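First the structure, in the form of structure tokens, and then the observations on it.
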Amino acid sequence: MANNTYNSPFNARYASKEMQYIYSPDFKFKTWRKLWIALAEAENELGLNVTQSQIDELKAHAEEINYDVAREYEKKFRHDVMSHVHAYGEQCPEAKPIIHLGATSCYVGDNTDVITMREALLLIKKKLVNAIASVSKFAGDYKDMPCLGFTHFQPAQPTTVGKRATLWLMDLVMDLNEVDHVLDTLMLLGSKGTTGTQASFLELFDGDHEKCKELDRKIAEKMGFKACFPVSGQTYARKLDTIVCNCLALIAQSCCKFSNDLRLLQNLKEIEEPFEKNQIGSSAMAYKRNPMRSERIASLSRYVMIDALNPAWTASAQWFERTLDDSANKRVSIAEAFLATDGILDLYINVTSGLVVYPKVIEARLMSELPFMATENIMMDAVKRGGDRQELHEKIRQHSMAAGAVVKVEGGKNDLVDRIAADPAFMTTKEEILSILKPENFVGRAPEQTADFLNEVIKPIIEENKDLLGLEVEINV
């Protein structure tokens, strides 16, 4: 990679080699040739003067793209599609007259864009499934470990470490459902012509409308799709790009939420992202262990969520049957949405596969707050012994405020248990109160909810997608 010109961070730092290839010129132009072959085959099958010998010649050179020749033609024509038509024609002199027969540039351009998005979505799905598997293992391992819950990032009823992880999982499950839906409903543009009327093909087929319709059906089948857009202008509806990028933005939202939670937990010293032996957290503060991977997830996620606005604006600004103000934006925004999401999921898998949990810190924080949460149980026990519920409620309020002041103002330890035990109105001892303060008694159904969720929701997903498991991700920096 040259050091005297702009290099994309997606190549150098963030995106995997697999996703980079999907959005490479090589994948693009080889797909163009596959589409030209599919067109020639379909036209041959529908009775046009396209011979099997010409098709065989096209297939023989489908993978041997003469880039230098194409570049020279593009300097001359200022047209990328026609430069590759002529470059392919030089390799296939017999087939040259029928390459791109009846088609317009969007036949290869738009159909390739849809094919590329499908391949990229399949890779995203693979990584999403592996992320789900990684988090589900963590959730299962820690489903019974009580921890302090938070609402508004203020101490709240306890939950478990594993139950909290199911919240991250639920987001990913919703994302996977959306990816599957988008993949299932993707359509090719097909062969629609310059304004979507198939006029050139109607002429080729001597006015046979059914053959024009069959041409689209055959191209879809040959390229592995269920259907083509039933109607279009010159391009497929740009709303499709919005749908795809919104799907990626949903994944970014989920991963960003996870990364924020983990950054807070790392500050609390309860759970940390992996930290390698020789990793440096700060150039100045040698003791630091910064959550840099989680921060990168958040940073890239923000990019993807904002980037999803690009295809929305593009779709809304298309005039009639087509304009070209989509092209430059689309080349950048769609590719980078996939490259960034790919990098986000690699980081997500890497982090969740190596989370470091500190049970003692988790327990200590929970126990420091648990007396406040146990006051209702203590009050009910005192009522059973003959106490006045309203009087006891007021005393607990006063003792809680006083104990809170010790913690917040004086920096001392929570002495609420001692205060209640010393108050004769509660008719109890410190030992009896401490016997109530068992964290597992305050987590509700968290362990059972986690187990049910993993068995009933996650296990079928893992089983259905088991062929996608076992992905090894690499983090560049």
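Worth saying up front: this structure is predicted, and the values here are computed from it rather than measured. Count residues from 1 along the sequence.
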>> Centroid separation under 6.0 Å, is that true for the rings of Tyr142 and Phe138?
In response: yes
> For the ring pair Phe77 and His86, is the centre-to-centre distance below 6.0 Å?
Replying inline: yes
> At their closest point, which heavy atom of Ala120 faces which heavy atom of Tyr23, and how far apart are they?
Replying inline: CB-CE1, 3.9 Å
> Sub-3.5 Å donor-acceptor pair from the side chain of Asp342 to the main-chain atoms of Ala15, do we have one?
Replying inline: no
> Does the side chain of Leu39 come within less than 4.5 Å of Glu43's, by heavy atoms?
Replying inline: yes
>> Going by the rule side chain to side chain donor-acceptor pair (under 3.5 Å), which residues pair with Asn130 if we only count those two or more places apart in sequence or in a different chain?
In response: none
>> Just to verify, what does Ser294 make a side chain to side chain donor-acceptor pair (under 3.5 Å) with, not counting sequence neighbours?
In response: Glu273
> Any ion pair linking Asp206 and Lys211 (charged N to carboxylate O, less than 4.0 Å)?
Replying inline: no
>> Is there a side-chain contact (heavy atoms from CB on, under 4.5 Å) between Arg365 and Val361? Walk through the geometry before answering.
In response: CA-CA 6 Å; Arg365 176 162 289 104; Val361 177; 3.9 Å; yes
> Is a side-chain donor or acceptor of Thr160 paired with a backbone partner of Lys143 at a separation under 3.5 angstrom?
Replying inline: yes
> Do the ring planes of Phe150 and Phe153 sit parallel (below 30°), tilted (30 to 60°) or perpendicular (above 60°)?
Replying inline: tilted
>> With side-chain contact (heavy atoms from CB on, under 4.5 Å) as the test, pick out the partner of Lys222 among Lys34, Glu45, Arg217.
In response: Glu45
> Roughly how far apart are Glu119 CD and Ile124 CD1, rounded to 0.5 Å?
Replying inline: 12.5 Å
> So, Asp216 and Lys192, do they make that salt bridge, N to O below 4.0 Å?
Replying inline: yes
> In terms of ring plane angle, is the pair Trp36 and Tyr88 parallel, tilted or perpendicular, where the classes change at 30° and 60°?
Replying inline: tilted
> So do Pro146 and Glu363 actually touch side chain to side chain, heavy atoms under 4.5 Å?
Replying inline: no
> Does the distance from a Lys or Arg side-chain N to an Asp or Glu carboxylate O, for Glu210 and Lys213, drop under 4.0 Å?
Replying inline: yes
>> If you compare all heavy atoms of Lys28 against all heavy atoms of Thr112, which two are closest, and at what distance to 0.1 Å?
In response: O-CG2, 3.9 Å
> Could you walk me through whether Tyr14 and Asp346 pass the side-chain hydrogen bond (donor to acceptor under 3.5 Å, both in side chains) check?
Replying inline: CA-CA 9 Å; Tyr14 305 135; Asp346 279 355; over 6 Å; no
> Without hydrogens or angle criteria, can the side chains of Ser16 and Glu474 be said to hold a donor-acceptor pair below 3.5 Å?
Replying inline: no
> Do Asn11 and Gln20 have a side chain donor and acceptor closer than 3.5 Å?
Replying inline: yes
> What is the minimum heavy-atom distance between Pro311 and Thr242, and which atoms define it?
Replying inline: O-OG1, 3.1 Å
> If we only count heavy atoms from C-beta on, is the Ser200 to Leu204 side-chain gap below 4.5 Å?
Replying inline: no
>> Tell me the closest heavy-atom pair linking Arg164 and Leu148, and the distance in Å.
In response: NH2-O, 2.9 Å
> Salt bridge check: are Asp80 and Arg331 linked by an N-O gap of less than 4.0 Å?
Replying inline: yes
> Is there side-chain contact between Arg263 and Asn260, with at least one heavy-atom pair below 4.5 Å?
Replying inline: yes
> Under the 6.0 Å and 45° cation-pi test, does Arg293 pair with Tyr348?
Replying inline: no
>> Please give me the minimum heavy-atom distance between Ile98 and Asn49, naming the atom from each residue.
In response: CG2-O, 4.0 Å
> Does the distance from a Lys or Arg side-chain N to an Asp or Glu carboxylate O, for Glu448 and Arg445, drop under 4.0 Å?
Replying inline: no
> If you round to the nearest 0.5 Å, how far is NZ of Lys30 from CD of Glu64?
Replying inline: 9.5 Å
>> Less than 3.5 Å apart, any donor N or O on the side chain of Ser254 or Asp175 sitting next to an acceptor on the other?
In response: yes
> Is there side-chain contact between Pro447 and Lys163, with at least one heavy-atom pair below 4.5 Å?
Replying inline: no
> Taking it one step at a time, do Asp56 and Lys59 satisfy salt bridge (Lys or Arg N to Asp or Glu O under 4.0 Å)?
Replying inline: CA-CA 5 Å; Asp56 291 341; Lys59 288 182 175 180; 5.3 Å; no
>> I need the Leu300 CG to Glu336 CD distance, nearest 0.5 Å.
In response: 11.0 Å
>> For the residue pair Asn177 / Asp180, report whether a side-chain donor-acceptor contact shorter than 3.5 Å exists.
In response: no
> Testing Asn111, Asp241, Asp110 for side chain to side chain donor-acceptor pair (under 3.5 Å) with Tyr236, which one passes?
Replying inline: Asp241
> Taking it one step at a time, do Ser134 and Ser353 satisfy side-chain hydrogen bond (donor to acceptor under 3.5 Å, both in side chains)?
Replying inline: CA-CA 6 Å; Ser134 177; Ser353 298; 3.2 Å; yes
> Is Leu189 close to Thr235 at the side-chain level, that is, under 4.5 Å between some pair of heavy atoms?
Replying inline: no
> Excluding sequence neighbours, so at least two apart, what forms side chain to side chain donor-acceptor pair (under 3.5 Å) with Lys269?
Replying inline: none
> Heavy atoms, side chains only, cut-off 4.5 Å: are His181 and Thr185 in contact?
Replying inline: yes
> Nearest 0.5 Å, what's the CG-CG distance between Leu188 and Leu35?
Replying inline: 7.5 Å
